[in-house]
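Notes for the one structure printed next.
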There are 2 protein chains.
Amino acid sequence: MTLRLTTWNINSVRLRIDQVARYVSESGTDVLLLQEIKCTDDQFPVRAFEDMGLPHLKIGGQKGWHGVAIASRLPLEEAPNLGLCREGHARCVSATVKGVEIQNFYIPAGGDLPDRALNPKFDHKMDFYERLTAHIERRDPDARLLLAGDFNIAPGEFDVWNHRYMLKIVSHTPVEIETLTRLQQAGRFSDVIRDAFPDPEKLASWWSYRAQDFRKSNRGLRLDHIWTSPGLTPAVVPGSARIHEPVRAWERPSDHAPVSVDLDV
Amino acid sequence: MTLRLTTWNINSVRLRIDQVARYVSESGTDVLLLQEIKCTDDQFPVRAFEDMGLPHLKIGGQKGWHGVAIASRLPLEEAPNLGLCREGHARCVSATVKGVEIQNFYIPAGGDLPDRALNPKFDHKMDFYERLTAHIERRDPDARLLLAGDFNIAPGEFDVWNHRYMLKIVSHTPVEIETLTRLQQAGRFSDVIRDAFPDPEKLASWWSYRAQDFRKSNRGLRLDHIWTSPGLTPAVVPGSARIHEPVRAWERPSDHAPVSVDLDV
DNA sequence: GCGTAAATCG
DNA sequence: CGATTTACGC
């Protein structure tokens, strides 16, 4: 069977529950990974997810900020929670579906100054990546593993609107790109979106709220990723990867667009 | 001609501008006195008032809190602003329509403790009433004068849901009732709502947001008043006074209902 | 409960 | 810009 999987930084799941339902219906998503749900487990709109056909839930919520969740049409089995956040934020949630281990992350943004000594938020971001890389180094590369979420790094020259300018801005600094590359190499992960739309095609999944018209200002970044392990990559359905940019133009949207892929499992 | 006049504590005129338009249209109001507009003069939705046929405006706004306004179908002439608020809040606005001087007040609520020495908010409320009474004592009783607004006092036994209980609660304490009575006697004002619905009929114009169902809990207070001077009282159209309680049951309502009367001017 | 505000974050 | 938080008033 084919599993359609989406990752989406929703920026408040309660505020945008109708958009989630619309997206799930229009896209035919079977497994939805959410970041920035901004609510506790208690406050999560369980009924709405049942109504949209994704009744199987793993919720990693907390009060107000951050928060991640997995909602699925198929039953979810357990997977190890990696607990990578040293600040205790709800930034990791995991589940196993059809033998595929899914790790959903909301990786810290890292503040403005790209200096670990001067900016604790940047240090926290790097620390999160280092812990994740250390974990991946200990794992069986043949396992069917998927990492996805808001990674808050746009790695490639064509993942940012202006490479030279962005090299000094957190999300595209050389040290971040090296850190992300180290993680990717540690697990020999495939970046399913970039593989489907090779360089030099410009791609983005996030556009700031600050622009009047996000398409006109055209300053997007590709921060949201779906990565597959060598054991899982053969299951990726060729030509199925998508960034759902039109969703960013809906009324009162999240600043992130959903990103999806189909897996033959 | 007959002038239909309404006073309404709107609790944010911007948030409830559609309800204002609906009320004005359904009630046929010609002169609308608003309290708690919660915006500056700049932020006041002038166009919406033009569209609802009340283009003549006197706005006493301020940032965020309080704020009063008069909106009229007929042109407004000047009237003295009484400037009764020692704290500089926007709580008084006035205008003259068809020779009737209208004074619209949002009188301080007064906090929880009914003690002038211990509670500066209560002192402020009493001070406001004393200044207003002192002003009225200096005035010609034959003038056509109307006082209206949110007075934040429910004077009579049948203006509260439980007289004995409420005697200890700010809005119905003996010292407040005496203070209000002193003002009323100073100007020999008629209370047009109570005159139209004499004791022992229970009346209310405000119900707390805290109750689930304001009608079921039935703990209303009559805080909103329209008073006419001896020179104006003969103009009150008999049987025209109304408390528009159904408005309190609209979607996301103000906690106050509109109160209206017709004047033959 | 339901409005404001200011500060914080992204 | 737009989502939180806390504090406050009624």
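Please read these numbers as outputs of a predicted model, since none were measured by experiment. Proteins come first, then strands; the chains are lettered A, B, ... in the order of their sequence lines, and each starts at number 1.
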- Task: Identify whether the distance between the nearest side-chain nitrogen and carboxylate oxygen of A:Glu130 and A:Arg116 falls below 4.0 Å.
- Result: yes
- Query: Just by distance, with hydrogens left out, do A:Ser217 and A:Gln212 show a side-chain donor and acceptor under 3.5 Å apart?
  - Reply: no
- Electrostatic pair A:Asp18:A:Arg252 at N-O distance under 4.0 angstrom: no
- What is the 5' to 3' range of DNA chain D, first to last nucleotide, that sits under 4.0 Å from any heavy atom of chain B? D:dG9 to D:dC10
- Message: Any side-chain N or O of B:Arg252 below 4.0 angstrom from OP1/OP2 of C:dG3?
- Response: yes
- Query: How far apart are the C-alpha atoms of B:Trp8 and B:His244, what are their side-chain angles, what is the distance that settles it, and do they pass the side chain to side chain contact (heavy atoms under 4.5 Å, CB included) test?
  - Reply: CA-CA 10 Å; B:Trp8 191 9; B:His244 299 261; over 6 Å; no
- Message: For the CG atom on B:Asp51, are there more than 12 heavy atoms of other groups (residues, nucleotides or ligands in this structure) within a distance under 6.0 Å?
- Response: yes
- Task: Report yes or no: is the cationic atom of B:Arg248 (NZ for Lys, CZ for Arg) closer than 6.0 Å to the six-membered ring centre of B:Phe214, at no more than 45° off its axis?
- Result: yes
- Query: Got more than 12 heavy atoms from elsewhere within 6.0 Å of CG, A:Asp112?
  - Reply: no
- Query: To the nearest angstrom, how far is B:Gln19 atom CD from C:dC2 atom C1'?
  - Reply: 13 Å
- Query: Between C:dC2 and B:Ser12, is there an OP1 or OP2 to side-chain N/O distance shorter than 4.0 Å?
  - Reply: no
- Sugar-phosphate or base contact per nucleotide [nucleotides 5-10 of chain C; S, B, -; heavy atom under 4.0 Å]: SS-BSB
- Task: Check the distance between C:dG3's P and B:Ile10's CD1 and give it to me in whole angstrom.
- Result: 11 Å
- Query: Would the B:Phe49 and B:Phe44 ring centres measure less than 6.0 Å apart?
  - Reply: yes
